[in-house]
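Data block below; observations after.
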Number of protein chains: 2
Amino acid sequence: MTTARRLPARDRLLQAADRVLFDRGIRTTPVDELLREAEVSAATLYAHFGSKDALVAETLRGRLADWRAVWDQHIVAAGDDMARLLAVFDALVSYRGDQRHPSRWCAFLAAATELPEAPDEITEVLAADTALLADRLLHLSRPLAGDRAQELADEVLVAYSGALAAFLRGSPRSPIEVGRRLARSAAEAHRRT
Amino acid sequence: MTTARRLPARDRLLQAADRVLFDRGIRTTPVDELLREAEVSAATLYAHFGSKDALVAETLRGRLADWRAVWDQHIVAAGDDMARLLAVFDALVSYRGDQRHPSRWCAFLAAATELPEAPDEITEVLAADTALLADRLLHLSRPLAGDRAQELADEVLVAYSGALAAFLRGSPRSPIEVGRRLARSAAEAHRRT
DNA sequence: GTCTATATGGTGATAGAC
DNA sequence: GTCTATCACCATATAGAC
């Protein structure tokens, strides 16, 4: 049996932030609560990160890396062009099922809304998430929609973003399935034309 | 020429809140800024509304009423069943074009994200907006999708929410048009089946 | 060198005194 | 309507513990 070793303060802070911030709210979670969760003192947080915003930014960068990896796996596992395009929705199911990254809806969009005047560092992570989505969806749309790949990619991005926003509404009940149906209809409409 | 009459303090506050809160951010806008914009003192705000949250709630109720009215007009003006279903997107274009209600994306969803622990009063306005959307979209889906009206209504709600969330991302460029295309493909897919 | 504890200044929301 | 007080939260500084 492996001895459970206590992580360094920096890692405990990142884990606590990831566990709490996007589930309970970035701004509604006081720094003191993160400190208590991580069992770390205020001085340590500010020594390592410099600000709450910087801790948020670092946590978001970690989430983006994990999200990219999960999506990768689902694209590789998909059997045909349509499945590869729709893999983004299966990846979302997997990602949201991961206990390490709880989230009320979307960490990146939440940061953009809750921290509109935040340092560029934070804006840049949402921009990177959006660029990842836009680039990959365009690439995956090509075999299905040819010249109209950009239109299809835009449609899937909106369906994906809509599924996330629907979690915030609490309606419809299974937003990811609904998003997938929207994306499939859009893809089929392009294929037919 | 009509004499420009100064509105009562309560109305000046509501207008200032509507102009500023959802554009610059609900929490990032300090009460002091609203007071300056409205040319009102703090005591007046707390006498009329009791709290910043209550002012936010009242502003949201006003927005919901206006949104409902705009959507009404676009449904009435539509020529056939498909146009009536898609009227929600034209209404969104109109509503967002109205100078009185500037918004980075969606006032109701923004309130839910920025104020997750807010009094029920605020949660209830988002619930009312969602119920309005769900009920009307279900009704408007019936002639196009029959027994499958619920599925189509869910799809249009996600497409609509996705268009709003896309404003936050800054991508795609014309989210409302993309949302409308998604909704149309979904409706046609149901009609064909 | 990494971390803790404690004291302190700044700002925003709110309430009450004048 | 102004001014002041209170409270919560972000941030920094200092001094000391492992």
Side-chain angles (χ1 to χ4, degrees), chain A residues 3-60 110-111 113-123, chain B residues 6-60 110-123:
Chain A
T3 309
R5 190 181 292 281
R6 189 176 165 81
L7 291 171
R10 185 190 150 88
D11 297 317
R12 294 204 308 279
L13 270 169
L14 283 170
Q15 287 193 359
D18 212 348
R19 243 181 294 128
V20 171
L21 284 178
F22 310 105
D23 195 36
R24 299 194 212 160
I26 303 169
R27 295 198 58 166
T28 33
T29 303
V31 168
D32 294 14
E33 201 169 318
L34 296 178
L35 298 177
R36 242 182 300 115
E37 286 259 349
E39 297 178 89
V40 152
S41 77
T44 306
L45 186 158
Y46 289 98
H48 279 294
F49 296 100
S51 69
K52 182 184 176 182
D53 281 350
L55 171 59
V56 172
E58 185 59 30
T59 308
L60 287 172
T113 312
E114 293 193 56
L115 310 167
E117 293 169 353
D120 292 344
E121 214 186 350
I122 289 187
T123 309
Chain B
R6 188 176 166 81
L7 291 172
R10 186 191 150 87
D11 298 317
R12 294 206 307 280
L13 270 169
L14 283 170
Q15 288 193 359
D18 212 347
R19 241 180 295 126
V20 171
L21 284 179
F22 310 104
D23 195 36
R24 299 192 213 162
I26 303 168
R27 296 197 59 167
T28 33
T29 304
V31 168
D32 293 16
E33 199 169 320
L34 296 177
L35 299 177
R36 241 182 298 116
E37 286 260 348
E39 297 179 86
V40 153
S41 77
T44 306
L45 186 157
Y46 288 97
H48 280 293
F49 296 99
S51 69
K52 182 183 176 183
D53 281 350
L55 171 60
V56 171
E58 184 59 30
T59 308
L60 287 172
T113 312
E114 292 192 56
L115 311 167
E117 292 168 354
D120 292 344
E121 214 186 351
I122 289 186
T123 309

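We name chains A, B, ... by the order of the sequence lines, and we start the count at 1 in each one.
In this structure, the CG atom of A:Leu55 is 14 Å from the C1' atom of D:dA11, given to the nearest Å. The CZ-C1' distance, from B:Phe49 to C:dA15, rounds to 18 Å in whole Å. In this entry the distance linking CZ of B:Arg27 with P of D:dA8 reads 15 Å, nearest Å. Between the CG atom of A:Leu35 and the P atom of D:dA11 there is a distance of 11 Å, given to the nearest Å. The CZ-P distance, from A:Arg36 to C:dC3, rounds to 20 Å in whole Å. As rounded to whole Å, 16 Å separates atom P of C:dA13 from atom CD of B:Glu117. Computed from coordinates, the B:Ile26 CD1 to C:dA13 P distance equals 13 Å when rounded to whole Å. Between the C1' atom of C:dG16 and the CG atom of B:Leu45 lies a distance of 16 Å, rounded to the nearest Å.
Of all nucleotides listed (C:dT14, C:dC3, D:dC9), C:dT14 comes nearest to the side chain of B:Tyr46. In the set D:dA11, C:dC3, C:dA5, the nucleotide with an atom closest to the side chain of A:Ala43 is C:dA5. Relative to the side chain of B:Lys52, the nucleotides D:dA11, D:dA13, C:dA13 differ in distance, and C:dA13 lies closest.
A:Glu58 is listed as a side-chain neighbour of A:Arg10, based on a closest heavy-atom distance under 4.5 Å. Side chains of B:His48 and B:Leu14 form no contact here, defined as non-hydrogen atoms less than 4.5 Å apart.
Panel note: side chain B:Lys52, backbone B:Leu45; no donor-acceptor pair is recorded below 3.5 Å.
Counting any heavy atom pair closer than 4.0 Å across all strands shown, A:Glu39 reaches sugar-phosphate atoms only and no base atom. A:Ala9 comes within 4.0 angstrom of the backbone, heavy atoms only, and of no base.
B:Thr44 has a side-chain polar atom (N or O) that falls below the 4.0 Å cut-off from OP1 or OP2 of D:dG1.
For A:Asp53, there are no side chain to side chain donor-acceptor pair (under 3.5 Å) partners two or more places apart in sequence or in a different chain.
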- [ ] Give the intermediate values and the outcome of side-chain contact (heavy atoms from CB on, under 4.5 Å) for residues B:Tyr46 and B:Val31.
- [x] CA-CA 11 Å; B:Tyr46 288 97; B:Val31 168; 4.0 Å; yes
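Nearest-nucleotide positions on DNA chain C place A:His48 closer to the 5' end than the other of A:His48 and A:Ala42. Comparing B:Ser41 and A:Asp53 by the nucleotide of DNA chain D whose heavy atom lies nearest to each, the residue mapping closer to the 5' end is B:Ser41.
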